[in-house]
Amino acid sequence: MKIKYELLKKSGNARYGLLHTNHGDFETPMFMPVGTLATVKTLTPEQVKNCGSGIILSNTYHLWLRPGEDIVNKAGGLHKFMNYDGPILTDSGGFQVFSLAKPKDITEEGVKFKSHIDGSNLFLTPELSIQIQNKLDSDIAMSFDECIPYPADYEYAKNSTERTLRWAKRGQEVFNNPNQSLFGIVQGGEYTDLREYSAKETVKLNFDGYSIGGTSVGEDKDTMYKMIEDGIRFLPSDKPRYLMGVGEPVDIIEGVIRGIDMFDCVLPTRIARHGNAFTHNGKINIKNAKYKEDFTPLEDSCDCYACKNYTKAYIRHLIICGESLGGTLLSIHNIRFLIKLTEDLREAIKQDKLLEFREEFLKNYLRDE
RNA sequence: GCGAGUAUGGUGAAGGGGUUAACACGGCGGAUUGUGGUUCCGUUAUGCUAGGGUUCGAAUCCCUAUACUCGCC
């Protein structure tokens, strides 16, 4: 069975909705924690769920290399393999085209990679990406795309955007998993007309959902918000919209205001492992000396497991000593922070108070310490 | 008590007369947006045990003191 999106309430362009999947339903807007290698780093599935996450993300490229999609398939699919019974979305490996391959490695047929593990030569195609994802048996698969660098000249962006469309079609043609849904990805770089073109042409292919790709690649925030606006207005209202790779609190708010339903980002877990925590007064670095004797939680108002049971001084000690529990506790807090943010945004949509919510949030978040 | 050796930042240390004392760790601070898991970047000794001397110039050479290390009575 395919996913089904239910739009429950609109406030401006923002949407409050419900997404039905074979592994449960969740409300949107929603933040998806990233579990690249079939694990949200340092967390058990129970801990992830307790943060309120409705869906998590995993990665085709990484699981293709290790342990290999056939192993996951033999295990009974990704859910069984990693003991996570909630919805899972798999990225296509498209972002690894951006992060691992060089421009000259990208051809019409596919993308040449040097394995980041042993340096061996790899070749990933739109068809292979979809076949791997079919075997992984995630709830939502992503089209194989090219995430266009920023800045990119118009010719490059145009050619890449058209190629991504051809790749999307090729992926659809081999797609073969009735329990899985497939999302198309809008590209177009920084160019309004290419974004519009990409959106319209992608929608013609009739995917189960759509995402905005090619953002958060080094562009300034206004450019990013424009990229969202340029593509999103051509997307159908009865399908979910997913903004790929975006997870700074402010960007999530701006995305929701512009009609985004789903977000994913490595930020909460990555910065956690490096000792940073989101708070309503901005990001803090728990390694700072001023927290050495701070026996209060990361945030008094937070309802996460870390804040209810541990102090800044203790978490600082763990991080400084390289103890993995430090990363775990900060990851729990940061994921909970972003998911709570989407919960608050849902509430604000229901009450038509989104702009007031943004103003209030920014007043605190950007405040100088 | 006698003889020998060593003294450089929070730590381990480089430099053996000539511009702002290498490097590493630690400390302090910053970065991180579809994750190439102990990441990257910045900063951190106005001073080389103390005092005196030689020299245009001393962490580097000489003298004295102090501390530690090793050996011998």
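- The same atom, C1', is picked in B/G26 and in B/A45; the two are 15 Å apart, to the nearest Å.
- Contacts of A/Ser211 with the nucleic acid, taken as non-hydrogen atoms under 4.0 Å apart, are absent.
- The aromatic rings of A/Tyr191 and A/Tyr154 lie perpendicular to each other, with more than 60° between the two planes, well past the 30° mark.
- In textbook terms, a nucleotide whose glycosidic angle is within 90° of 0 is syn, and B/G16 is one such case.
- Rounded to the nearest Å, the gap between the C1' atom of B/C61 and that of B/G16 is 10 Å.
- Note on A/Lys114: nothing from the nucleic acid sits closer than 4.0 angstrom, heavy atoms only.
- Taking the C1' atom of each, B/U46 and B/A65 are spaced 26 Å apart, rounded to whole Å.
- In the set B/G29, B/G34, B/U33, B/G34 carries the atom at the smallest distance from any side-chain atom of A/Ile185.
- Spacing between atom CG of A/Asp220 and atom P of B/U33 amounts to 15 Å, rounded to whole angstrom units.
- Atom CG of A/Asn334 and atom C1' of B/U35 are 15 Å apart (whole Å).
- A/Lys49 forms a cation-pi arrangement with A/Tyr84, by the criterion of a distance under 6.0 Å to the ring centre and an angle within 45° of the ring axis.
- When the C1' atom is compared between B/G1 and B/G15, the two are found 37 Å apart, to the nearest whole Å.
- Which of B/U33, B/G34, B/G36 sits closest to the side chain of A/Ser92 comes down to B/G34.
- Considering only heavy atoms from C-beta on, A/Thr215 comes within 4.5 Å of A/Val246 through its side chain.
- A donor-acceptor contact under 3.5 Å is not formed by the side chain of A/Ser99 with the base of B/U35.
- When the side-chain nitrogen and oxygen atoms of A/Thr36 are compared with OP1 and OP2 of B/U35, one or more of them lie within a distance under 4.0 Å.
- No engagement by A/Glu254 is indicated, since no non-hydrogen atom pair under 4.0 Å with the nucleic acid exists.
- Using a 4.0 Å heavy-atom criterion, one finds that A/His274 contacts the bases of the nucleic acid, with or without backbone contacts as well.
- Protein atom CG of A/Leu325 is 16 Å distant from nucleotide atom C1' of B/U38, rounded to whole Å.
- Below the 3.5 angstrom threshold, one finds no donor paired with an acceptor across the side chain of A/Asn59 and the base of B/G34.
- Regarding contacts with the backbone of B/U39, every side-chain N or O of A/Arg273 stays at 4.0 angstrom or more from both OP1 and OP2.
- What you find for A/Asn179 and A/Asn22 is that their closest heavy atoms are O-ND2, 3.2 Å.
- The separation of B/G52 from B/C41, taken at their C1' atoms, amounts to 46 Å, rounded to a whole angstrom.
- For RNA chain B, runs of at least 3 consecutive pairs of the Watson-Crick or G-U wobble type, with both hydrogen-bonding distances under 3.5 angstrom, map to B:1-7 with B:66-72, B:10-12 with B:23-25, B:26-31 with B:39-44, B:49-53 with B:61-65.
- Side-chain contact between A/Phe234 and A/Glu201 is absent, with no heavy atoms from C-beta onward closer than 4.5 Å.
- Regarding the sugar-base torsion, B/G36 falls in the anti class, its angle being beyond 90° of 0.
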Pair A/Leu57-A/Tyr242, side chain to side chain contact (heavy atoms under 4.5 Å, CB included): steps then yes or no:
CA-CA 12 Å; A/Leu57 179 143; A/Tyr242 158 32; 3.1 Å; yes
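- Of the listed nucleotides (B/G30, B/G34, B/U33), B/G30 has the atom at the smallest distance from the side chain of A/Asn285.
- Nearest-nucleotide positions on RNA chain B place A/Gly94 closer to the 5' end than the other of A/Gly94 and A/Ser324.
- Nucleotides B/U49 and B/U8 are separated by 6 Å at their P atoms, to the nearest Å.
- Rounded to a whole Å, the CZ atom of A/Phe31 is 12 Å from the C1' atom of B/U35.
- A/Leu57 comes within 4.0 angstrom of the backbone, heavy atoms only, and of no base.
- In this structure, of B/G34, B/G36, B/C28, it is B/C28 that holds the atom nearest to the side chain of A/Arg316.
- Looking at heavy-atom distances under 4.0 Å, A/Gly119 makes no contact with the nucleic acid at all.
- Of the charged side-chain nitrogens involved, none lies within less than 4.0 Å of a carboxylate oxygen, so that A/Lys308 and A/Asp303 do not count as a salt-bridged pair.
- For A/Gln96, the listed nucleotide lying nearest its side chain is B/U35; candidates were B/U33, B/G27, B/U35.
- Aromatic ring orientation, A/Tyr210 versus A/Phe207: perpendicular (interplanar angle above 60°, classes split at 30° and 60°).
- Counting only heavy atoms from C-beta on, A/Lys292 has its side chain closest to B/C28 among B/C28, B/G36, B/G34.
- For the pair A/Lys287 NZ and B/G26 C1', the interatomic distance rounds to 13 Å; values are reported in whole Å.
- Rounded to a whole angstrom, the distance from the C1' atom of B/A14 to that of B/A7 is 15 Å.
- Nearest to the side chain of A/Asp264, among B/G34, B/U33, B/G36, sits B/G34.
- Regarding A/Phe98, its CZ atom lies at a distance of 11 Å from the P atom of B/U35, rounded to whole Å.
- Relative to the side chain of A/Asp91, the nucleotides B/U33, B/G36, B/U35 differ in distance, and B/U35 lies closest.
- Ion pairing of A/Lys312 with A/Asp294 is present here, as a side-chain N (NZ or NE/NH1/NH2) and a carboxylate O approach within less than 4.0 Å.
- A cation-pi arrangement is present between A/Lys350 and A/Tyr16 under the rule of less than 6.0 angstrom and at most 45 degrees off the ring axis.
- Nucleic acid contact class of A/Leu37 (heavy atoms, under 4.0 Å, all strands): base.
- At the phosphate of B/C28, neither OP1 nor OP2 sits under 4.0 Å from any side-chain N or O atom of A/Asn288.
- B/G18 and B/A58 have their P atoms separated by 12 Å, given to the nearest Å.
- Atom pair A/Phe183:CZ and B/G34:C1' shows a separation of 13 Å (rounding to whole Å applied).
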